[in-house]
Amino acid sequence: MAATEQPSRAGGGAPLPRRAPAGPPVVELRNVSKRYEGGDVGLENASLTVNRGEFVFIVGHSGSGKSTLMRLLIKETDISEGTMRVAGRDLADIGRRKVPYYRRNIGMVFQDFKLLPNRTVYDNVAYALQVTGGGRRDIREKVPDILRLTGLSTKLHNYPDQLSGGEQQRVAVARAFVNHPPLLLADEPTGNLDPETSIGIMQLLYRINRTGTTVVVATHDVAMVDQMRRRVIELQRGRVVRDQAGARYAGNEPNTAELGAILQEHLET
Amino acid sequence: MRIGFFLKEALRSMRRNPIPSFAAMASVLVTLLVLGVFIPVVQMTTGAANDVRDKVVLDVYLTRDATDAQAERVRELLADRTAHVASVDFVSKEAAYKRERERNPEAYELLGSNPLPDTFRVTPDDPDNIGAIRDALAPATPSGKRTVVDPAIDEVKNRKEETDKILTATSVVKLTMALLCGLLVLASALLVSNTIRLSLFSRRREVEVMKLVGATDWFIRWPFVLEGVILGALGGLLAILLLAVGKIAFIDPLAADFALISAPDTMPLSVLALLLMLAAVAVSALGSGLSLRRFLKV
């Protein structure tokens, strides 16, 4: 699978129709509650559906349940009530031993990057492939490819601490996407970055979304969310209080560069 | 590819934690050195003790002035009228004197005359029946001393008591050494496990990331186990080398010069080396396995 953008759709001044969901929704929550030991509420009776190819923002204050949702999605913890399906598969059916295999279908990006500090950029990305038993040839093919996509071709042999925050996050995105997972999760991916750099990361996520990957981004950067004009799900104390399809930009879907320009414009005003 | 990858990871980790790695290796080394000395020593003492046990006989000493007729009467008594006797050997005082003088000429030169009595050497049908024979020949009196059934018998001496003493002594020695060895093995397993734990603790973030990108437990575990095994094997190799040097430099010349002990068979060095190597690898694999179990639970 090549990581190329799908061609920009031509014609039609009206907002584009949503892509018809093919197969089961990528993420499906039905009346999901998550309570932690000690009584803290992570999610409370939350229901939501994310279809294939969508770009969804999860917003909310800290403690609203964004991170809980992310952690549930990678099955780091289990839900207390309700049902939760990813790509049609009930997460309750995935045994402890199967979790690693399940996670290989999900790319995950964190606020604090979570890179392996003693490995070069190249090795960090390659690790995600080695874990899945990827051969040397596989790695030699895919890793430079993905690093080119994320704009890191010149930093292959640098260690994470020799990179800027934005570059580190790009490495993390590259690692999350090198397997071309159908679902990419990003938990506050721009939380540690300045606005300028954040735009670059958002552009990158947008570009990945345009290859057909479903992208779910948890953030509290409201300005950014407003300008991206994507679907927004707002959580408050574990409840879904808003689920709003983005008012899309008139005309064609912007390509990555155009999106960057739009975001930049808003940054300057 | 896979094994190469795990090996590379293990070596990378060892390079980054040289001091704990060295400590683990040293503890394996010391343990194995002790084991390597202990095993042949135990074999020797066991062999010696068994030799003694096999030689259990009852000595029936006749009085110094016993006549040939009396001696014949005692032989009859021993051979025909006593239970549990397998065989009876007569050692005349002349034969005994000759043998003892050969063994210790100066002492017997000083003595001048022959102080030794005629002796019957009685071999029991089973070493454990020796007490019964003794009781038959020299029943205990109520006062606690022993009488003899025939006036020509001066004394019945039971070598089993000495044998028992030797056997007890060796078993005590063996037990203490085994205990010591057990403790040492435990200590080095714990040290290896601690080393691995340290190297894991310093990388728990890394392990977390590995799990997040979908590494299975065993994929994470293998490099650590290999690290332990490599450290153990290294320690084992050094220990074997030292033991071999020690054997060639000290034991071999000693054995040649003094015919050290009756030298019951000990296992050859190659077998011992193999055994030690196995122990080293097992101990360190155990050590790393122990520490990993807890860490991988998320």
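Here the structure is a predicted model, which is why all the values come from computation and not from measurement.
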| Between A:Arg104 and B:Gly214, is there a donor-acceptor pair closer than 3.5 Å when you use the side chain of the first and the backbone of the second? |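 Such a contact is found between A:Arg104 side chain and B:Gly214 backbone.
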| Is the count of non-hydrogen atoms from other residues, nucleotides or ligands lying under 6.0 Å from A:Tyr36 atom OH greater than 12? |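 Correct, the count exceeds 12.
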| Taking the side chain as C-beta and beyond, is there a heavy-atom pair between B:Leu212 and A:Arg175 under 4.5 Å? |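 Side chain of B:Leu212 against side chain of A:Arg175, heavy atoms only: no contact under 4.5 Å found.
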| request: Could you tell me which residues in residues 105-118 of chain A have at least one non-hydrogen atom under 4.5 Å from a non-hydrogen atom of chain B, sorted by residue number? | output: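 Within residues 105-118 of chain A, the residues under 4.5 Å from chain B are A:Phe110, A:Asp112, A:Lys114, A:Leu115, A:Leu116, A:Asn118.
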| task | Report the residues that fulfil ring-ring contact (aromatic ring centres under 6.0 Å, His included) with B:Phe219, sequence neighbours left out, ordered by chain and then residue number. | result |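 For B:Phe219, the residues satisfying ring-ring contact (aromatic ring centres under 6.0 Å, His included) (neighbours in sequence not counted) are B:Phe5, B:Phe6.
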| chain B contact via A:Arg97 - side chain, backbone, both or neither, heavy atoms under 4.5 Å |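 Neither part.
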| Student check: side-chain heavy atoms of B:Lys211 and A:Arg103 closer than 4.5 Å |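 The answer is yes; the side chains approach within 4.5 Å.
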| So with a 6.0 Å cut-off around CZ of B:Phe22, is the heavy-atom count from everything else above 12? |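 For B:Phe22, atom CZ is not crowded (no more than 12 foreign heavy atoms under 6.0 Å).
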| query | Relative to chain B, which of A:Pro100, A:Ala128, A:Ala176 shows the most heavy atom pairs under 4.5 Å? | reply |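 Ranked by heavy-atom pairs under 4.5 Å with chain B, first place is A:Pro100.
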| message | With side chain to side chain contact (heavy atoms under 4.5 Å, CB included) as the test, pick out the partner of B:Val213 among A:Val178, A:Asn179, A:Val131. | response |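 By the side chain to side chain contact (heavy atoms under 4.5 Å, CB included) criterion, B:Val213 pairs with just one of A:Val178, A:Asn179, A:Val131: A:Val131.
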| field | Derivation and outcome, side chain to side chain contact (heavy atoms under 4.5 Å, CB included), residues A:Arg119 and B:Arg12 | value | CA-CA 10 Å; A:Arg119 282 165 215 260; B:Arg12 181 209 290 264; 3.7 Å; yes
